[in-house]
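Note that the structure is predicted; figures quoted are calculated from it, not measured. So you know, we letter chains A, B, ... as the sequences are listed, proteins then strands, and number each from 1. Side chains are part of it too, since the values below use all heavy atoms of this structure and drop only hydrogens, waters and symmetry mates.
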Number of protein chains: 2
Amino acid sequence: MRMGRPREFNAETALDQAMEVFWRHGYEGATIAQLTEAMGINPPSLYACFGNKEGLLKAALDRYTKLRGVWMDEVVAASTARDVAERMLMGIAEKQTDPANPPGCLLVQGGIACGTGSENVPFELAARRAQNEDQLRDRFVRAKADGDLKESADPAALARYVSAVAVGMGVMASSGADREALRQVASVAVQAVEAQSADRA
Amino acid sequence: MRMGRPREFNAETALDQAMEVFWRHGYEGATIAQLTEAMGINPPSLYACFGNKEGLLKAALDRYTKLRGVWMDEVVAASTARDVAERMLMGIAEKQTDPANPPGCLLVQGGIACGTGSENVPFELAARRAQNEDQLRDRFVRAKADGDLKESADPAALARYVSAVAVGMGVMASSGADREALRQVASVAVQAVEAQSADRA
DNA sequence: CCAGATATGTAGTGTTCACTACAGATGTGG
DNA sequence: CCACATCTGTAGTGAACACTACATATCTGG
């Protein structure tokens, strides 16, 4: 099988750069010119590798969720529902104000509302957020089975709640909230999960 | 003083239509063509009246926050911090899934991330969200003075928290969450405020 | 009824956008 | 070394964008 000329850039490294541009400017706000410059390639290379702008976004999202997936696994490994919530929300306070990345969360910054021709981008992002929520829900179902959560607790509602707080924190971070402010939000938010937790024996 | 030809459209009615377009598509996603069609006017009328696209957004935001301000006044009129939070978050569950409006909140949908040339739009929206947060904080300061909130409670943190949950609910609503899902989130969220409330005498 | 002022509709403007044609470069299999 | 396949850089493409020039229409004050 003929191989042709090998590509001169590393796809994952380029994706990391593209991810940052989408993260900072959103899907619609990011231009191909910005993306190619950040990636260090020219438009034909981008299109040959990722298809089109939306394909590039999806590839960037895949990479983002893959990296986040490792962290989420650590989150749900906490021993109680309360600790899961705390680990997640406190971790988000750190990550979303990490100067190494743009503020906020790519799954929010990517695009909440889009114009004609990009209507499915918000849905794409929502689907990825829903994955996190599902993972949380599964963990809370187990917490309830363990007697860690009260009998009256609704694992799905709790997961939706934690997910909603996470999104809200992301928006706050992107509009300039500092780490301490996010920690305060996380701290208050955890108390709602605590209120659903069974009393310690 | 010479008056000239009177304008043939009602500015507030036109603004309501523009508001809906921004709400549904975001600032960058909304095009002048969509806006003028929804407003029932031609571009020159839009520019003569509102200056430019960003001026139109600000006018629409003014109208939005004015309408919301009336409702926020009712929210903070609740008798306890807990009831303020409940009234606000349950009200948001209703409003953000009201079929009369696009889902979610204009202050979020308008634009979380924007491209070059519109960088200040997200800040403009954040400033308006901060106004709500300030109003909540003032109310919670009073609640603490009243002995309604615990001595250990941080009114600013609580306000930030409720504000963050509100934003998160807005994002969820815009990505298809139904009213019941939002009510569940609100219900859980209120419990964190309850945990900060003083025990009833 | 006239002069000045403002609004309107038509029909554009230049710019920027996502995307690509094409020619040359660089690899592999025979 | 040759045929072929794939990548790369240059230099565009048409379309969509925010915005506007201009002629015309409709008002007020005198």
Quiz item: At under 4.0 Å, does any side-chain N or O of A:Ser45 touch on OP1 or OP2 of D:dT8?
Solution: yes

To the nearest Å, how far apart are [X] [atom1] and [N] [atom2]?
X	N	atom1	atom2	value
B:Glu37	D:dA16	CD	C1'	16 Å
B:Leu35	D:dA18	CG	P	8 Å
A:Arg7	D:dT8	CZ	C1'	12 Å
A:Asn52	C:dT20	CG	P	8 Å
B:His25	D:dC17	NE2	C1'	15 Å
A:Lys53	C:dC17	NZ	C1'	8 Å
A:Phe9	C:dT26	CZ	C1'	15 Å
A:Asn42	C:dC19	CG	P	16 Å

Quiz prompt | Test: B:Arg82 and B:Glu86 ion pair at under 4.0 Å | solution =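 The answer is yes: the pair qualifies as a salt bridge.
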
Quiz item: Hey, are the side chains of B:Val171 and A:Val167 touching, using non-hydrogen atoms and a 4.5 Å cut-off?
Solution: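 Side chain of B:Val171 against side chain of A:Val167, heavy atoms only: contact under 4.5 Å found.
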
Quiz item: Just checking A:Pro6: base, sugar-phosphate only, or nothing, at a heavy-atom cut-off of under 4.0 Å?
Solution: sugar-phosphate

Quiz item: Any chance the side chains of B:Arg24 and B:Gln109 put a donor and an acceptor closer than 3.5 Å?
Solution: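 Side-chain D/A pair, B:Arg24 to B:Gln109: absent.
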
Practice problem: State whether a side-chain donor-acceptor pair under 3.5 Å links B:Glu54 with B:Asn120. | Solution: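 Judged by distance alone, the side chains do pair up.
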
Quiz item: Backbone N or O of A:Tyr27 within a donor-acceptor pair of the A:Lys53 side chain at under 3.5 Å?
Solution: yes

Among the candidates [options], find the nucleotide nearest to the side-chain atoms of [X].
X	options	result
B:Thr31	D:dA18, C:dC19, D:dC7	D:dA18
B:Pro43	D:dC19, D:dT8, C:dT8	D:dC19
A:Arg5	D:dC19, D:dC7, C:dT28	D:dC7
A:Pro44	C:dA21, C:dG24, C:dG9	C:dA21
A:Tyr47	D:dT20, C:dC19, C:dC17	C:dC19

Exercise. Could you say whether A:Ile41 or B:Glu28 is positioned toward the 5' end of DNA chain D, judged by the nucleotide with the nearest heavy atom to each?
Key: A:Ile41

